[in-house]
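Predicted model, so just to flag it, every value in this text is computed and none were measured.
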Amino acid sequence: MRRAIHLLEEVDFRPMNSRRPLDYLTWLTAYKREDRSREAPELTAGTSIRSREIDLVGAFYAVGITGHPQFKAVTLWDCHGGWDGGWRQMMEIYRGVDERLFLSDIDDVRFSAFSRPLGAAPGCPPLAGAPAAELFLFESARVRPGAALDYLAAVRAERAPLLAEHGHTLTGLYEVLFCDTEAVTLWAVSLDDHLATQRARDAALGLDDEVAPDSRLLDWAKRARDYLDGPWRETLLAPFPGCRLAPGSPQGQPLA
């Protein structure tokens with residue numbers, strides 16, 4: 001079985017205009033739904049890139065109060081067929097700097113976008129089977145050079161069972177490609193379970209005497225430092241209505 005390849009994109013909007021993320025996410029999820037009715041959408045058609053080999057799985061509004069710059073949208077794409085499928089299809093348009101690269105019907109909506117190519121680590125759940133959820137916990141960890149897969153193996157073996165007890169479902173376990181110092185994880189979680197986990201951690205620190213503590217949450221933080229070598233951050237993402245990971249969306253039905 002070949003390795004699963006994905007793309008994570010962070011998009012911000014300046015000057016601060018709260019309507020622009022809404023306009024962008026509405027446009028993105030709508031045009032990908034339109035492709036479902038097309039007999040054979042091409043890599044590019046009109047002024048937007050469309051393809052069934054590049055599947056929009058998650059479209060999120062970043063929860064700014066958890067540490068994201070405001071305002072931000074995050075998208076998660078599945079490259080069907082891995083390197084030789086969706087990834088190749090995206091790369092082919094760069095040959096000769098095809099003029100179609102410069103066609104967009106969302107010019108002036110976005111200010112900037114940053115993309116991370118992701119490779120599934122051993123034991124990573126298939127993205128096609130990812131559950132819908134109220135929220136997704138997004139972790140970006142800077143690791144020692146070359147330690148990304150070792151860190152992710154530890155997450156799978158040690159942290160995933162712990163967080164599962166706290167209502168978190170491991171959704172993504174990714175090495176950031178074309179660098180050797182970053183790993184990304186993604187977890188589906190309800191608001192209630194997210195809050196309960198934070199309180200259990202506070203209780204373990206002696207800062208909350210109204211709930212049961214779970215010292216294992218603190219133990220993992222210490223264990224993770226065996227692999228980390230810089231900034232580590234967890235933030236929350238809210239799935240946008242109409243994307244596959246939003247509650248109420250048909251599961252297992254690609255938008256593209």
Side-chain angles (χ1 to χ4, degrees), residues 4-13 20-63 68 71-83 85-93 100-101 103-107 109-110 112-120 124-138 171-172 174 176-177 184 186-188 236-256:
I5 303 297
H6 310 298
L7 188 70
L8 183 80
E9 186 170 72
E10 298 184 41
V11 180
D12 68 3
F13 307 86
R20 288 185 176 180
L22 175 62
D23 292 342
Y24 173 70
L25 290 168
T26 300
W27 167 82
L28 186 65
T29 53
Y31 101 68
K32 293 302 287 184
R33 281 196 303 272
E34 289 173 5
D35 282 350
R36 296 175 65 180
S37 62
R38 292 171 175 251
E39 291 185 4
E42 299 176 358
L43 177 59
T44 58
T47 54
S48 60
I49 295 178
R50 33 201 348 144
S51 167
R52 287 198 176 95
E53 298 302 313
I54 308 164
D55 179 18
L56 177 67
V57 177
F60 308 95
Y61 184 60
V63 181
H68 286 287
F71 302 102
K72 179 186 284 188
V74 178
T75 58
L76 179 61
W77 305 79
D78 189 3
C79 297
H80 293 308
W83 292 117
W87 184 264
R88 170 182 285 276
Q89 199 173 64
M90 286 193 296
M91 290 298 300
E92 283 178 343
I93 197 173
R100 293 174 296 174
L101 281 167
L103 295 175
S104 176
D105 44 10
I106 52 170
D107 281 343
V109 173
R110 301 170 296 176
S112 66
F114 173 67
S115 298
R116 287 183 181 90
L118 305 176
C124 179
L127 193 54
E134 290 180 323
L135 296 167
F136 284 82
L137 183 68
F138 167 51
T171 303
Y174 303 124
V176 178
L177 302 172
V184 163
L186 195 68
W187 311 75
L236 288 173
L237 304 173
F240 189 73
C243 85
R244 286 171 53 197
L245 298 184
S249 297
Q251 290 304 292
Q253 298 297 317
L255 292 179

Using a 4.5 Å cut-off on heavy atoms from C-beta on, say whether the side chain of [Y] contacts that of [X].
X: Phe138; Y: Glu10; value: yes
X: Leu186; Y: Leu76; value: yes
X: Leu137; Y: Leu236; value: yes
X: Val176; Y: Leu118; value: yes
X: Phe114; Y: Asp12; value: no

Under the ring-ring contact (aromatic ring centres under 6.0 Å, His included) rule, collect the residues that match up with [X], sequence neighbours excluded.
X: Tyr174; answer: His6
X: Phe13; answer: Tyr24
X: Phe240; answer: none

Restricting to non-hydrogen atoms, name the atom on [X] and the atom on [Y] that form the minimum distance, rounded to 0.1 Å.
X: Ala113; Y: Val11; value: CB-CG2, 4.1 Å
X: Ala188; Y: Thr171; value: N-OG1, 3.4 Å
X: Phe136; Y: Pro131; value: CZ-O, 3.3 Å
X: Pro239; Y: Pro247; value: CG-CD, 4.2 Å

Nearest 0.5 Å please: distance from the [atom1] atom of [X] over to the [atom2] atom of [Y].
X: Ser115; Y: Trp77; atom1: OG; atom2: CH2; result: 10.0 Å
X: Arg88; Y: Cys79; atom1: CZ; atom2: SG; result: 13.0 Å
X: Ile54; Y: Ile5; atom1: CD1; atom2: CD1; result: 13.5 Å
X: Leu25; Y: Phe60; atom1: CG; atom2: CZ; result: 10.5 Å
X: Leu7; Y: Leu177; atom1: CG; atom2: CG; result: 10.0 Å

> Residues two or more places apart in sequence or in another chain: which of them pass side-chain hydrogen bond (donor to acceptor under 3.5 Å, both in side chains) with Glu134?
Replying inline: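 Checked Glu134 against side-chain hydrogen bond (donor to acceptor under 3.5 Å, both in side chains); zero matches.
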> Among Leu8, Val57, Thr29, Leu28, which residue meets the side chain to side chain contact (heavy atoms under 4.5 Å, CB included) test with Thr75?
Replying inline: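 By the side chain to side chain contact (heavy atoms under 4.5 Å, CB included) criterion, Thr75 pairs with just one of Leu8, Val57, Thr29, Leu28: Leu28.
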> Can you name the residues that form a salt bridge (charged side-chain N to carboxylate O under 4.0 Å, His left out) with Arg20, not counting sequence neighbours?
Replying inline: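 Checked Arg20 against salt bridge (charged side-chain N to carboxylate O under 4.0 Å, His left out); zero matches.
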